[in-house]
Engineer: 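Take a look at this one; I'll ask things after.
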Amino acid sequence: MEANTHFPDPSQVREELIQRYPTKVAKKRAKSIIVNDPQIIPEVQANVRTVPGIITQRGCSYAGCKGVVLGPTRDIVNIVHGPIGCSFYAWMTRRNQTRPESLEDANFIPYCFSTDMQEENIVFGGEKKLKQAIQEAYDLFHPKSIAIFSTCPVGLIGDDVHAASREMKEKLGDCNVFGFSCEGYRGVSQSAGHHIANNGVFKHMVGRDNTPSEGKFKLNLLGEYNIGGDAFEIERIFEKAGLTLISSFSGNSTVKQLENSHMADLNVIQCHRSINYMGDMMETKYGIPWMKVSFVGAESSAKSLRKIAEYFGDEELKAKVEAVIAEEMPKVKAIIDEILPRTKGKTAMLFVGGSRAHHYQDLFTELGMTTVAAGYEFAHRDDYEGREVLPNIKIDADSKNIEELKVVADPELYNPRKTEAELEALKEKGLEINGYEGMMKQMTKKSLVVDDLSHYESEKLIEIYKPDIFCAGIKEKYVVQKMGVPLKQLHSYDYGGPYTGFEGAVNFYKDIDRMVNNPVWKLIKAPWEKAGNGAALEATYVTQ
Amino acid sequence: MEANTHFPDPSQVREELIQRYPTKVAKKRAKSIIVNDPQIIPEVQANVRTVPGIITQRGCSYAGCKGVVLGPTRDIVNIVHGPIGCSFYAWMTRRNQTRPESLEDANFIPYCFSTDMQEENIVFGGEKKLKQAIQEAYDLFHPKSIAIFSTCPVGLIGDDVHAASREMKEKLGDCNVFGFSCEGYRGVSQSAGHHIANNGVFKHMVGRDNTPSEGKFKLNLLGEYNIGGDAFEIERIFEKAGLTLISSFSGNSTVKQLENSHMADLNVIQCHRSINYMGDMMETKYGIPWMKVSFVGAESSAKSLRKIAEYFGDEELKAKVEAVIAEEMPKVKAIIDEILPRTKGKTAMLFVGGSRAHHYQDLFTELGMTTVAAGYEFAHRDDYEGREVLPNIKIDADSKNIEELKVVADPELYNPRKTEAELEALKEKGLEINGYEGMMKQMTKKSLVVDDLSHYESEKLIEIYKPDIFCAGIKEKYVVQKMGVPLKQLHSYDYGGPYTGFEGAVNFYKDIDRMVNNPVWKLIKAPWEKAGNGAALEATYVTQ
Amino acid sequence: MLLRHTTKEVKEREGLTINPAKTCQPIGAMYAALGVHGCLPHSHGSQGCCSYHRSTLTRHYKEPVMAATSSFTEGASVFGGQANLLAAIETIFSVYDPDIIAVHSTCLSETIGDDLQQITRKARDDGKIPEGKHVIFASTPSFIGSHVTGYANMVAGIADQFAVSTGSKKNQINIIAGWMEPSDMREIKRLSKELGVNIVLFPDTSDVLDAPQTGTHVFYPKGGTTVAELQSTGDSLSSLALGSISAEPAAIALEKKCKVPFETLDMPIGLRATDRFIMALSKAGNVTVPDEITADRGRLVDVIADMEQYLYGKRVALFGDPDQIIPLTEFLLDLNMKPVHIVSGTPGQRFEKQMRQILDERSPETKFKNGIGADMFLLHQWMKNEPVDLLIGNTYGKYMARDEDVPFIRFGFPILDRIGHSYFPSVGYSGGLRLVEKILTAILDRQDRDALEEKFELVM
Amino acid sequence: MLLRHTTKEVKEREGLTINPAKTCQPIGAMYAALGVHGCLPHSHGSQGCCSYHRSTLTRHYKEPVMAATSSFTEGASVFGGQANLLAAIETIFSVYDPDIIAVHSTCLSETIGDDLQQITRKARDDGKIPEGKHVIFASTPSFIGSHVTGYANMVAGIADQFAVSTGSKKNQINIIAGWMEPSDMREIKRLSKELGVNIVLFPDTSDVLDAPQTGTHVFYPKGGTTVAELQSTGDSLSSLALGSISAEPAAIALEKKCKVPFETLDMPIGLRATDRFIMALSKAGNVTVPDEITADRGRLVDVIADMEQYLYGKRVALFGDPDQIIPLTEFLLDLNMKPVHIVSGTPGQRFEKQMRQILDERSPETKFKNGIGADMFLLHQWMKNEPVDLLIGNTYGKYMARDEDVPFIRFGFPILDRIGHSYFPSVGYSGGLRLVEKILTAILDRQDRDALEEKFELVM
């Protein structure tokens with residue numbers, strides 16, 4: 001599919017986006033603004049430092065580690081070691097939903113824990129206060145686990161959160177305490193924090209509980225954070241299809257599930273960027289293959305289910321999966337049929353996250369809408385171009401300090417779920433194991449791909465393309481809407497959702513229909529602002 | 001007790017109240033403004049026409065009939081025959097509470113029924129529409145009873161609501177339909193409506209059900225309309241004391257109770273003005289004596305209970321009554337002790353209704369407060385001076401058209417509950433049977449008694465006396481409060497209550513304490529309005 | 001269940017009105033007269049009328065409401081009320097000393113055929129009206145129209161009996177207020193001032209029914225349109241009547257008497273009705289709209305855009321007075337909400353016509369009804385058959401709202417159990433913002449109340 | 001239960017803060033800088049700070065919040081952030097073209113010891129600041145104070161770095177806004193205008209964070225105190241600082257630099273604090289208070305008097321920022337309500353001192369606490385021990401309110417789930433009326449919800 005031809009020449013657009021920048025900045029930004037060609041997949045500069053002063057969408061390593069990956073865990077007391085702000089801002093703001101089985105089960109998600117470091121702690125060190133905080137948390141709540149997150153000053157003043165955690169873990173006895181060196185200045189975006197989080201969860205949690213699980217088709221769902229209840233919908237579908245979910249990473253998850261997750265036979269990855277490290281490490285250590293899936297979009301959900309069934313290679317499962325799809329799809333189609341006439345031909349832009357900007361294009365496609373430009377906030381080249389570029393990615397100074405865990409096969413627990421031959425056979429059936437083809441293959445030729453879009457560029461893009469909808473985050477929402485273009489938040493979903501699976505697709509269709517056809521956008525101009533005041537006539541139509 | 005001596009000479013006050021009136025008006029009003037002397041009880045002009053143009057507290061006959069007496073009945077469909085307003089204004093505005101035993105029991109109190117007469121009904125007559133309305137009410141609700149209330153135009157155009165009611169009663173078979181000619185222009189105030197209501201209820205309801213009731217001490221509670229739950233509290237006390245309430249007239253009452261009320265052995269009357277007709281008629285027809293009681297005030301409640309016990313002359317009952325009083329009083333006293341220091345010495349004025357202006361003085365007395373002026377809105381001379389003046393009251397043109405039912409002893413049901421000798425014995429014990437001593441005997445010498453107080457007079461009184469609290473109705477409330485004096489509504493209780501019995505007394509004490517000691521009255525003047533702006537200092541005391 | 005006898009099944013009724021969505025003319029006349037400075041309303045009928053009207057207005061405003069009555073007794077009903085009214089006029093001028101007595105009739109005085117024009121003329125002839133004082137009147141039988149038409153009649157009476165055409169035009173526009181709150185009238189004046197147009201607003205109950213606590217009762221508060229202003233309306237360039245039912249009759253009276261041309265507009269409730277008001281007033285006053293008004297408008301649009309998802313498709317039942325609920329219905333549609341059931345007790349074909357204009361294109365399936373039979377009982381039955389997400393109406397709606405467990409917004413007359421309506425406007429862009437805030441609060445509070453724990457939202 | 005782990009038993013905590021009633025300094029500095037016209041706030045630290053602050057402010061205002069960051073990476077943390085800030089200044093002026101960049105520090109840049117004064121001087125020396133443009137700064141390490149002190153520091157920085165004393169006084173008064181809403185700032189200006197006093201209000205986020213929907217994104221909205229106005233503050237007759245914690249430091253800075261005398265007042269929330277504000281401003285401006293202000297005041301007193309029975313004795317828990325909850329506590333007492341539990345996360349002894357002054361006489365038993373340990377977890381525990389009738393605080397209060405089934409009023413920062421705060425003021429008499437309306441609505445809605453059927457009231 002070609003992008004609509006009445007759009008401006010994308011390479012001219014690119015020139016316009018960078019012309020106001022100082023030369024050095026322009027040169028740098030030019031490498032991140034790419035005219036797509038799905039046939040050849042041009043290189044996109046990604047995961048590089050944002051130029052200081054540029055108004056960026058990006059956050060920090062802490063946000064990626066605590067906010068994204070560990071935030072959704074229900075029964076870990078997540079203590080932020082640092083001044084109060086970092087913990088405050090991550091307090092329920094990501095809408096990670098969780099559903100404890102009973103009122104007796106732990107649920108710390110609505111709580112915000114912080115050591116609230118004061119000047120004296122910066123000057124004289126904060127470890128003592130941290131240990132005191134851990135002790136108090138333990139005394140109050142007796143959690144299974146306490147996790148510590150380091151904020152910027154912690155690393156600089158030399159607080160050793162790992163040592164403090166080890167000491168407290170030993171002291172408390174029945175509480176797993178561990179820390180993350182996810183100071184905000186590490187890496188160039190949230191992405192560093194994801195990696196740090198993956199390492200920590202892998203080291204301190206995965207593999208602690210070897211209890212075998214019931215279930216014939218056991219899998220983990222990686223990179224699904226249950227924003228707006230996304231994981232609930234996937235759980236619903238899995239259960240209906242007869243799949244046994246051992247653990248989510250990390251939406252609606254528990255300590256017990258994460259610690260037992262290596263007992264699964266397949267890892268499926270929803271958000272490649274934030275969790276692919278975990279897939280690789282579990283493959284190496286336990287022999288569990290991973291497979292990229294997407295439950296965003298009805299077709300993608302169906303496809304992902306079929307892929308999972310194919311992986312397990314069980315005919316009964318395959319039949320069941322087909323039955324589920326056959327049952328779910330008509331409801332989806334009915335809604336699509338109703339809505340499509342109102343959305344068809346409209347255009348969208350998506351600039352968000354490290355995965356959503358890719359997958360939400362499917363939903364727009366299902367609505368007959370074209371994605372004219374897209375990009376990630378904190379992804380790497382592989383998320384754009386596909387994992388085949390991994391060997392060619394140069395690690396720069398900002399990322400090279402992020403620890404790469406040395407993982408080897410576990411002497412006892414390593415157990416390859418599929419033989420090389422089986423994997424080969426699956427690949428021949430079109431199943432990409434341990435692989436991800438990236439966003440650009442799916443996008444139209446001449447569409448624009450922009451990494452780490454700046455505020456300035458976003459305004460330009462909107463002026464030039466006048467898209468019918470723009471997808472980004474809360475910081476962008478009202479800027480874009482002030483321009484008369486509805487913005488759909490794809491971090492928080494505008495407090496809607498779920499958007500995964502079949503029910504989620506329907507939710508999304510309805511929301512987009514509402515947004516792109518909302519009459520409010522026609523009310524912006526006052527009648528006296530309209531040319532020639534001919535509008536005055538219109539404005540009085542209800543008078544008598 | 002003498003009224004506080006620092007008050008102005010009440011006869012001078014009287015002169016001031018009338019000096020602005022035109023001569024004829026002044027002359028007339030002078031007869032209704034009386035300086036009290038409880039020893040000699042001067043005559044008060046009452047129950048006379050209000051001078052047109054005078055801003056009066058009074059309402060109309062319809063308000064007295066439908067609003068006051070029939071309004072509180074729970075399971076009668078009360079249809080107002082007339083234009084919409086009359087029914088609308090009486091729609092739940094009197095706070096007659098009712099408590100059906102179950103969700104299946106009828107409760108029409110939250111409903112407003114009207115024939116909503118239109119011009120054509122005025123011109124061509126409204127009986128047809130009325131009958132249609134009765135039929136529709138029957139079809140929708142199947143009530144035991146439907147009552148019709150005539151508004152001003154009904155009598156004038158000659159609609160015969162009684163004939164229409166009879167016709168429909170016959171037609172429907174199992175529904176008692178009856179009407180009231182309570183057009184607003186009848187009489188001089190609500191009082192006419194009370195009388196009309198008494199007549200109607202007596203004729204159409206009382207005596208229809210001769211089923212004997214259980215209970216050793218059976219009585220009716222007359223003139224208690226359960227505003228704010230007053231009747232609930234009296235019911236609670238009766239039950240505790242072992243008294244069996246056959247029927248209330250008419251708070252929290254049912255058709256069944258009213259129709260069976262002649263099976264009681266005593267009528268106790270709370271509001272003499274509105275219901276004394278019923279007491280007399282039931283005495284004449286069934287031989288049931290009546291006795292004035294008051295459950296407003298803790299002491300009055302105790303006294304009334306003792307009177308009832310004395311009437312029944314049963315030692316066990318007397319003991320039980322004493323036990324009830326002994327149990328209830330300490331709670332009351334404890335509150336009084338706490339509040340009295342804050343209320344003692346303050347002054348009150350009461351201008352309301354036909355009974356409350358009298359009885360609420362007891363509550364103020366219990367709070368150590370003096371009533372410096374009081375009067376009724378629609379009472380008769382007997383309510384001021386005592387029933388002994390009844391033979392001397394001249395019926396004027398405005399009242400003489402109100403029907404006096406000719407009641408005689410029922411050939412079958414007449415059964416004097418007490419012999420003449422018994423009654424004599426009771427009287428010797430201080431029990432006033434079929435009697436009421438009126439308000440003035442209880443008021444201090446030199447206090448002011450004003451019947452049908454006008455707005456003009458009320459402002460003057462407040463200016464002169466500066467009372468700590470003024471009791472009246474909603475129309476007066478904000479006028480008086482604008483003068484910086486709290487007004488306690490004694491019709492609606494300011495949406496509080498109950499104020500009867502022991503618990504009610506406590507409620508009242510607390511409310512009065514709150515009102516007379518409310519700091520808001522000290523906030524009225526802005527600091528810049530205060531003399532010399534010395535107040536500016538006070539106003540900045542919180543600054544640093 | 002509070003209204004336990006309300007059935008789901010709707011039966012046609014011809015005789016019985018249950019839980020009316022209107023009341024009678026005289027109270028409207030009383031309210032209108034309070035919007036004239038130094039005016040004492042006078043009810044020519046039984047005492048009960050006056051007492052009831054004063055009580056209801058007092059409960060709504062929590063303010064003194066002064067009015068006198070002819071105190072009819074049986075004699076007056078038989079022999080006519082002339083003597084009562086003449087006596088009343090004399091008493092009132094000597095005791096309460098108003099500049100104006102505004103007499104309205106009742107079903108009683110109308111049924112017996114009292115002629116207010118004749119009686120007031122006699123009062124003047126008999127010297128009962130002091131020099132410089134006025135007695136005006138309006139015919140407001142309770143068996144015609146509703147409180148809204150009673151208001152309209154008194155406002156028309158005010159216009160007709162005060163306006164004078166001197167022959168030389170004044171650079172001012174008459175704005176005839178439909179039945180609205182003092183806060184609304186204040187906002188109309190503020191907007192006109194901001195727009196730079198000289199106006200005479202009448203009636204004007206601001207600074208009358210929202211008077212400050214001062215420690216003194218001011219019998220005639222400082223607000224209200226003055227006699228001089230009312231007289232000058234005959235020389236105004238034009239009139240804008242805000243409300244086809246409650247305000248237009250006065251505009252017609254002015255046109256008839258003084259040839260002042262008029263335009264009838266909806267009351268400026270909501271975005272578009274306010275747009276039309278601003279446009280019409282700027283046109284009538286020949287001024288351009290200042291940026292600050294455009295910005296206020298933009299703020300309202302901004303909130304609608306930002307919060308659209310919570311408004312979208314929400315089903316609303318509403319009842320009230322036509323001049324208010326007509327523009328409110330339009331506003332609800334502009335909010336992308338769904339008005340599904342609408343009743344108004346006030347009769348008249350204008351309601352149907354205007355509603356059709358608003359609804360035909362955007363929501364032809366909306367049920368609406370006015371006049372006889374359009375009562376709250378019917379609305380409640382409709383709600384039982386087709387449930388809604390929100391109910392909007394006067395205080396009496398709370399019974400339905402509780403029974404049906406539906407969020408409820410108080411709007412209209414009377415509001416007996418909350419404060420705010422008389423202080424914060426519903427008209428204009430700022431009033432629209434207040435309405436949107438109220439609607440959102442109602443909807444979001446309900447969402448918060450009903451949310452499963454895992455769906456309880458921090459940000460909305 | 002949403003907060004199912006909150007125990008009734010209160011244990012002393014020294015290390016762990018749970019559910020804080022504050023956040024960190026830089027967000028306050030960012031908010032303050034947005035109140036200067038043409039100013040781009042700049043966060044000198046990691047990207048996360050800027051992102052979090054922008055997000056939180058955006059959620060509160062539902063408006064664009066523009067700010068830049070020095071985008072620290074590990075290198076900058078090791079070698080210092082000078083290069084980043086210099087690069088940022090260059091980029092910002094060329095791409096976003098502000099009149100002013102207002103830099104605030106973070107825990108990161110403070111820990112490594114970046115000297116903002118030195119770096120900005122270097123930027124100027126290096127010619128990176130175009131002619132006529134400004135770079136100002138404030139030191140706002142997150143490990144000191146709270147968002148409120150961060151605001152105060154930036155406002156003081158604005159005063160200190162812009163004010164010029166020319167030697168000739170101007171007939172104007174500086175009003176230094178404590179942390180308040182754009183609506184509040186707008187109301188302060190309206191009141192000053194009505195009073196007839198020339199003022200310079202700073203900062204001023206009205207017309208910045210309540211911008212209209214226009215179809216265009218205006219990067220620097222029309223609001224905000226201008227550079228010229230800020231410079232003129234040095235010549236003003238005097239300053240009124242509205243809030244001892246958030247506004248006084250700027251007044252002190254002005255006194256120090258330009259000898260402008262000042263008075264510190266509470267934020268004008270509620271009756272008496274507004275009285276003091278009006279008195280102080282009329283004194284400073286040497287004007288008499290116009291009747292319309294007295295009448296507005298009287299309307300507030302009127303409502304309090306009329307509705308006193310519903311307010312009397314109601315027990316309230318509140319949390320929030322000191323300059324807001326100090327006058328709010330006083331107002332609650334004037335409403336005859338009972339503030340029983342109060343926490344504020346912002347440290348400082350002024351809070352304790354001012355609270356004591358207010359509470360000692362009228363409610364000595366009230367529990368209050370601020371600074372370390374004064375978190376919402378503690379407040380919630382207090383509520384479990386001594387229940388209340390009403391909770392007042394920011395959006396996070398909704399979790400406690402739902403768990404304890406207590407009516408809840410949103411007040412303070414941040415409010416993430418409702419609109420209105422930025423459009424309708426809480427300051428002044430009209431703001432007081434709005435607060436009373438909200439309080440009454442909360443209380444009366446609850447009464448309606450819980451009333452037995454026979455006790456369900458029509459009139460209140």
Side-chain angles (χ1 to χ4, degrees), chain A residues 74 91-100 103 107 109-110 226 228-229 231-232 252 474 477-478 481-482 484-489 491-498 510-511 513-515 517-530 533 535-544, chain C residues 240-241 244 248 263-266 271-280 282-283 288-289 293-298 300-313 326-327 329-330 333-336 350 353-355 357-358 361-362 429 444 447 452-460:
Chain A
R74 176 198 307 161
W91 186 11
M92 288 189 287
T93 44
R94 278 186 58 81
R95 301 185 71 235
N96 307 114
Q97 299 185 354
T98 200
R99 194 186 280 152
L103 262 174
N107 180 9
I109 288 214
N226 202 21
F232 295 148
N252 198 32
I474 183 67
K477 179 162 176 97
Y478 303 105
Q481 295 200 162
K482 276 282 191 292
V485 174
L487 184 141
K488 182 72 198 164
Q489 294 186 63
H491 292 288
S492 73
Y493 295 170
D494 291 321
Y495 331 110
K510 287 180 177 170
D511 284 353
D513 176 35
R514 184 197 74 232
M515 293 179 83
N517 293 303
N518 199 301
V520 68
W521 307 111
K522 298 201 182 93
L523 300 173
I524 292 176
K525 287 287 160 215
W528 53 89
E529 292 179 306
K530 292 179 186 164
N533 261 342
L537 218 67
E538 180 207 346
T540 50
Y541 79 93
V542 191
T543 63
Q544 317 76 42
Chain C
L240 297 182
S244 64
E248 193 183 83
E263 188 179 351
T264 300
L265 301 168
D266 285 317
L271 187 79
R272 290 215 244 188
T274 303
D275 283 353
R276 293 192 294 272
F277 169 70
I278 296 290
M279 282 296 276
S282 67
K283 205 175 124 208
T288 55
V289 181
I293 288 182
T294 311
D296 278 340
R297 182 188 186 281
L300 173 56
V301 177
D302 199 57
V303 171
I304 300 171
D306 292 349
M307 303 300 282
E308 55 85 25
Q309 70 188 89
Y310 298 105
L311 301 164
Y312 172 72
I326 287 167
T329 299
E330 184 191 26
L333 288 170
D334 282 339
L335 296 176
N336 225 359
R350 290 292 276 278
K353 191 178 147 220
Q354 288 179 252
M355 276 294 182
Q357 276 181 299
I358 290 168
E361 192 191 337
R362 292 197 273 172
Y429 301 119
L444 296 176
Q447 180 178 327
L452 294 174
E453 291 210 344
E454 64 265 30
K455 299 282 182 187
F456 193 67
E457 296 292 342
L458 175 73
V459 188
M460 286 170 152

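The chains referred to below are lettered A, B, ... by the order of the sequence lines, with proteins before strands, and numbering in each begins at 1.
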Engineer: Determine whether E308(C) and M515(A) make a side-chain contact, defined as any pair of heavy atoms from C-beta on separated by less than 4.5 Å.
Structural biologist: yes
Engineer: Set out, in order, the CA-CA distance, both residues' side-chain angles and the distance that settles side-chain contact (heavy atoms from CB on, under 4.5 Å) for K455(C) and F232(A), then state yes or no.
Structural biologist: CA-CA 11 Å; K455(C) 299 282 182 187; F232(A) 295 148; 4.2 Å; yes
Engineer: State plainly whether the residues D302(C) and K482(A) are in salt-bridge range, i.e. N to O under 4.0 Å.
Structural biologist: yes
Engineer: Side chain from CB out, backbone as N, CA, C, O: work out which of these in L458(C) comes under 4.5 Å of a heavy atom of chain A, or both, or neither.
Structural biologist: side chain
Engineer: Does W528(A) reach the side chain of D275(C), with side-chain heavy atoms less than 4.5 Å apart?
Structural biologist: yes
Engineer: Using 0.5 Å steps for rounding, measure from the OH atom of Y312(C) to the CG atom of D513(A).
Structural biologist: 5.5 Å
Engineer: Answer whether the closest heavy-atom distance between the side chains of R272(C) and L523(A) falls below 4.5 Å.
Structural biologist: yes
Engineer: Roughly how far apart are E454(C) CD and I109(A) CD1, rounded to 0.5 Å?
Structural biologist: 11.0 Å
Engineer: For W521(A), which atoms come within 4.5 Å of any heavy atom of chain C: side chain, backbone, both, or neither?
Structural biologist: side chain
Engineer: If you define the side chain from C-beta out and look only at heavy atoms, does anything of P486(A) sit under 4.5 Å from Q309(C)?
Structural biologist: no
Engineer: How long is the span from the CZ atom in R514(A) to the CG atom in L311(C), to the nearest 0.5 Å?
Structural biologist: 9.5 Å
Engineer: So do N336(C) and P519(A) actually touch side chain to side chain, heavy atoms under 4.5 Å?
Structural biologist: yes
Engineer: Under 4.5 Å from any heavy atom of chain A, what part of Y310(C) do you find: side chain, backbone, both or neither?
Structural biologist: side chain
Engineer: D306(C) and Q481(A): side-chain contact (heavy atoms from CB on, under 4.5 Å), yes or no, with the steps?
Structural biologist: CA-CA 8 Å; D306(C) 292 349; Q481(A) 295 200 162; 3.5 Å; yes
Engineer: Sort K283(C) into side chain, backbone, both or neither according to what part of it lies under 4.5 angstrom from a heavy atom of chain A.
Structural biologist: neither
Engineer: Using side-chain heavy atoms (C-beta onward) and a distance below 4.5 Å, is Q97(A) in contact with E457(C)?
Structural biologist: yes
Engineer: What part of D494(A) gets within 4.5 angstrom of chain C, counting heavy atoms only: side chain, backbone, both, or neither?
Structural biologist: both
